[in-house]
Enquirer: 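If you scroll down you'll find the structure; I have some questions about it.
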Amino acid sequence: MRLFIAIEIPDDIKKGLAEAQSKLKGAGVDASWTRPEGIHLTLKFLGEVPEARVTEIMTALTEAIKSTGGFRIEVAGAGAFPHTRNPRVVWAGISGDTDRLVALQASVEEAMVKTGFEREDRRFSPHLTLARVKYLRARDNWQKALDGVKDLKLPSFDADHVSLIKSELKPSGAVYTELGKINLK
């Protein structure tokens, strides 16, 4: 099964992200839009993992974050990777207590490396994926639409748990199932 570790996003924040997506959808971009209910803050993508390893992963994850307390983060700003003029991924940014978020992600990364998963070769860049761009048809319209959401600011929320999530890829989009949750104390 395909697994990842993430911080879940509250429903009211997802609603605000859906509104930002709506503003971008008619801007001349062919994209695969993330369903709002599936938006999450990925800490570590594990890939295909045998079901028998779930307990081992949860144990390592629990140990890795046992001394991590909850913290507040917020969704602020929007942009695109690698660049707004040549978008491949459209994202909403994360601000707030990002030092604690980065430390949490580093702990998760180290625990998973010790459990046998490969280290991510890119630096952690906290964001929420709104879309994956296939083709940009109208660059000027796109730039204007992105400028309209670049200063996105949604309420802060408590990051108070980490989830192990199964992702099933279906023609209608990914379906996510939480396999386990660990509270940040």
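Atoms considered below: every heavy atom in the structure, side chains included; atoms not considered: hydrogens, waters and symmetry mates. Residues take their numbers from the sequence shown, with the count starting at 1.
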Enquirer: Does Glu109 use its side chain to pair, donor to acceptor, with the backbone of Glu120 at less than 3.5 Å?
Expert: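 Checked: pair present.
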Enquirer: Return the CZ to CD1 distance between Phe4 and Ile165, rounded to the nearest 0.5 Å.
Expert: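 Phe4 atom CZ to Ile165 atom CD1 measures 4.0 Å (nearest 0.5 Å).
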Enquirer: Counting only N and O atoms by type, is there a donor-acceptor contact under 3.5 Å from the side chain of Gln105 to the main-chain atoms of Leu43?
Expert: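 Yes, the answer is positive, given that a donor and an acceptor are paired below the 3.5 Å cut-off.
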Enquirer: Would you compute the distance between atom NE2 of His40 and atom CG of Leu128 and round it to the nearest 0.5 angstrom?
Expert: 9.0 Å
Enquirer: Taking Glu37's backbone N and O only, do any of them form a donor-acceptor pair with Lys14's side chain (distance below 3.5 Å, no angle check)?
Expert: yes
Enquirer: Between the side chain of Arg132 and the main-chain N/O of Thr34, is any donor-acceptor distance below 3.5 Å?
Expert: no
Enquirer: Once rounded to the nearest 0.5 Å, what's the spacing between atom CD of Glu56 and atom OG1 of Thr115?
Expert: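 The distance works out to 5.5 Å.
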Enquirer: May I ask you to decide if Ala174's main-chain N or O and Arg35's side chain share a donor-acceptor pair within less than 3.5 Å?
Expert: yes
Enquirer: Name the orientation class of the two ring planes belonging to His127 and Phe81 (parallel below 30°, tilted from 30 to 60°, perpendicular beyond 60°).
Expert: perpendicular
Enquirer: Out of Ile65, Thr42, Val108, which one pairs with Ile5 under the side-chain contact (heavy atoms from CB on, under 4.5 Å) rule?
Expert: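 That would be Val108.
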Enquirer: Please determine whether the number of non-hydrogen atoms from other residues, nucleotides or ligands lying under 6.0 Å from atom CZ of Arg88 exceeds 12.
Expert: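 More than 12 heavy atoms, drawn from other residues, nucleotides or ligands, come within 6.0 Å of this atom.
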Enquirer: Just checking, is any N or O donor in the side chain of Arg2 or Ser167 under 3.5 Å from an acceptor N or O on the other one?
Expert: yes
Enquirer: Considering the options Leu184, Thr98, Asp158, Asp160, which one meets the side-chain contact (heavy atoms from CB on, under 4.5 Å) requirement together with Phe71?
Expert: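 Answer to the side-chain contact (heavy atoms from CB on, under 4.5 Å) test with Phe71 among Leu184, Thr98, Asp158, Asp160: Leu184.
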Enquirer: Counting distance only, does the side-chain N/O of Gln21 pair as donor-acceptor with the main-chain N or O of Leu130 below 3.5 Å?
Expert: yes
Enquirer: With rounding to the nearest 0.5 angstrom, report the CG to CG distance, Leu41 to Leu104.
Expert: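 Going from the CG atom of Leu41 to the CG atom of Leu104 covers 9.0 Å.
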Enquirer: Inspect the contact between Lys166 and Glu178 and indicate whether a charged nitrogen and a carboxylate oxygen are less than 4.0 angstrom apart.
Expert: no
Enquirer: Distance check, rounded to the nearest 0.5 Å: Leu46 atom CG versus Met1 atom CE?
Expert: 11.0 Å
Enquirer: If we ignore hydrogens and angles and just use 3.5 Å, is the side chain of Trp142 paired with the main-chain N or O of Thr84 as donor and acceptor?
Expert: yes
Enquirer: So how far is it from Phe157 CZ to Glu8 CD, rounded to the nearest 0.5 Å?
Expert: 10.0 Å
Enquirer: Has Lys25 got more than 12 heavy atoms of other residues, nucleotides or ligands less than 6.0 Å from its NZ?
Expert: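 Yes, because the 6.0 Å sphere around NZ of Lys25 holds more than 12 heavy atoms from other groups.
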Enquirer: Strictly below 4.0 Å, N to O, side chains only: are Arg100 and Asp97 in salt-bridge contact?
Expert: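 Salt bridge between Arg100 and Asp97, a charged N being under 4.0 Å from a carboxylate O: yes.
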